[in-house]
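For reference, the structure is listed below as structure tokens.
Letters go in sequence order (proteins before strands), and every chain restarts at 1.
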Number of protein chains: 2
Amino acid sequence: MSTTTPSDDIGTRLRLVRQIYGLTQRELARRAGVTNGAISLIEQNRVSPSISSLKKILDGIPLSLADFFTHNFSASDQVFFAAADLAEIAYGESISMRLVGGNLKKRALQMLQETYQPGADTGEEMLRHQGEECGIVVAGSLTVTVGAQEKTLHPGDAYYFRSDIPHRFRNPGPLPCHLISANSPPSF
Amino acid sequence: MSTTTPSDDIGTRLRLVRQIYGLTQRELARRAGVTNGAISLIEQNRVSPSISSLKKILDGIPLSLADFFTHNFSASDQVFFAAADLAEIAYGESISMRLVGGNLKKRALQMLQETYQPGADTGEEMLRHQGEECGIVVAGSLTVTVGAQEKTLHPGDAYYFRSDIPHRFRNPGPLPCHLISANSPPSF
DNA sequence: TCCCGGCGTTTAGAATATTCAACAAATTTA
DNA sequence: TAAATTTGTTGAATATTCTAAACGCCGGGA
């Protein structure tokens, strides 16, 4: 499924790593103290580098041998996500959530762009789950209840709480409310 | 603390791994399809092996490159433990437990040599904990209660159950009962 | 005791990796 | 557009690793 490289295809793996780090063969060669030609040959799998060479090269990134062989580098470790590409997550009629990087696996963090229509409400049966979450209101206003506390937030206002504390979100205003939130660990 | 090898001391690391696996240079060379001389040179750090050579060698063990660089091989991964060296764990007056490999870290399994004096009993408030456990009676007899089931085991008899099921051990006989048991994950 | 077999090590030569310098293609700058 | 820069690739020379065959050492069995 993922764009992982077989562990003996050192060349492809090195090229992928180098590109992920945004380095050219020459720049990496300079940092590593080897020649660009050597890196080129390795990346084409035309030679099998010595440990010492590979170590020098990885030091220039920098990346340990263990990490190099352990990690499943993926070209789809996407960094930028167009607004249109944010995965829509249904959450009732009047609440829309758009997930940043929905295709990423194993992430430690989740970010959502949420829209609460006027009157939208996550309900009286407060939400509770593992982890922590925070958010910032971008537009409109949002009434947030966390345990015994309640506050109506306006653009620029933010919240942060442990998610196991019962919480609730409502839009009391006449305008849609836009919110950027983050959870850890991810719940979707 | 541990006898770990720096990640660039490939030679020492390879020698350690090879010895842990009980292989001679010649035997490993034969399995790997390289010469014993090559392994000798690598282990002395007189050459820095190519990835292809190192991979061939590790395939002969077998061990992946990732594992080779990731694991902290330790000569003190002790295998044999003299009876006198089993750590004594107090568990009441009439029950003695002796732990195999108490000095090992991060083990996935725990083995105990237990002795129940006549009349010994873990008590009516049944034991419950995570994991699974099993054991074999070596001498004497032992009455084991697991959930609704109860049986008196004699030498050679054994048990295996999920530890979250309430359980209890008693020695109903006139002789000490010796038992070998194992838990996973470890509870001591 | 001597001999045998297995052990790790060593050496010379074959095989492979790396450097150095030049090349063509793509991109940037003027 | 043309010149200049930067990119990855390549060939010849050099440096390193790997093989094959020997060596010395040690322990076990006649």
Taking [Y]'s backbone N and O only, do any of them form a donor-acceptor pair with [X]'s side chain (distance below 3.5 Å, no angle check)?
{"X": "A:S40", "Y": "A:N36", "result": "no"}
{"X": "A:R168", "Y": "A:G123", "result": "yes"}
{"X": "A:D9", "Y": "A:T12", "result": "yes"}

[X] [atom1] to [N] [atom2], straight-line distance once rounded to whole Å:
{"X": "B:Q19", "N": "C:dC7", "atom1": "CD", "atom2": "C1'", "value": "12 Å"}
{"X": "A:I42", "N": "D:dT9", "atom1": "CD1", "atom2": "C1'", "value": "14 Å"}
{"X": "B:E27", "N": "C:dG8", "atom1": "CD", "atom2": "P", "value": "11 Å"}
{"X": "B:R15", "N": "C:dC7", "atom1": "CZ", "atom2": "C1'", "value": "11 Å"}
{"X": "A:I51", "N": "D:dC18", "atom1": "CD1", "atom2": "C1'", "value": "15 Å"}

Indicate whether OP1 or OP2 belonging to [N] is found under 4.0 Å from a side-chain N or O atom of [X].
{"X": "B:S40", "N": "C:dG8", "value": "no"}
{"X": "B:Q44", "N": "C:dT10", "value": "yes"}
{"X": "B:Q25", "N": "C:dT9", "value": "yes"}
{"X": "B:R18", "N": "C:dG8", "value": "yes"}

What protein N or O atoms touch nucleotides 21-29 of chain C N or O atoms at under 3.5 angstrom, if any, and at what distances?
none

Just so I know, are the side chains of B:R18 and B:Q25 near enough to count as touching, which here means a heavy-atom distance under 4.5 Å?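 They are in contact (side-chain heavy atoms under 4.5 Å apart), so the answer is yes.
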In terms of heavy-atom contacts, B:C177 and B:N171 come closest through N-ND2, 3.4 Å
Classify the angle between the aromatic ring planes of B:Y159 and B:F169 as parallel (below 30°), tilted (30 to 60°) or perpendicular (above 60°). tilted
B:S53: side chain to side chain donor-acceptor pair (under 3.5 Å) partners, not counting sequence neighbours: B:S50
For A:T35, report the nucleic acid contact type (base, sugar-phosphate, nothing); a contact means any heavy atom under 4.0 Å. base
Please classify the nucleic acid contact of A:L41 as base, sugar-phosphate, or nothing, using heavy-atom distances under 4.0 Å. base
Please compare A:L54 and B:I39 by the position of their nearest nucleotide in DNA chain C and report the one closer to 5'. B:I39
Look at the side-chain heavy atoms of Ile, Leu, Val, Met, Phe, Trp and Tyr, link any pair under 4.5 Å apart, and say whether B:F69 and B:Y21 land in one connected group. yes
Would you say B:V144 ends up clustered with B:L175 if hydrophobic residues are merged whenever their side chains have heavy atoms under 4.5 Å apart, either directly or through other cluster members?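 Per the 4.5 Å side-chain linkage, B:L175 and B:V144 are not co-clustered.
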Please write out each protein N/O paired with an N/O of nucleotides 15-17 of chain C under 3.5 Å, distance rounded to 0.1 Å.
{"unit_1": "C:dA17", "atom_1": "OP1", "unit_2": "A:S48", "atom_2": "N", "d": "2.7"}
{"unit_1": "C:dA17", "atom_1": "OP1", "unit_2": "A:S48", "atom_2": "O", "d": "3.4"}

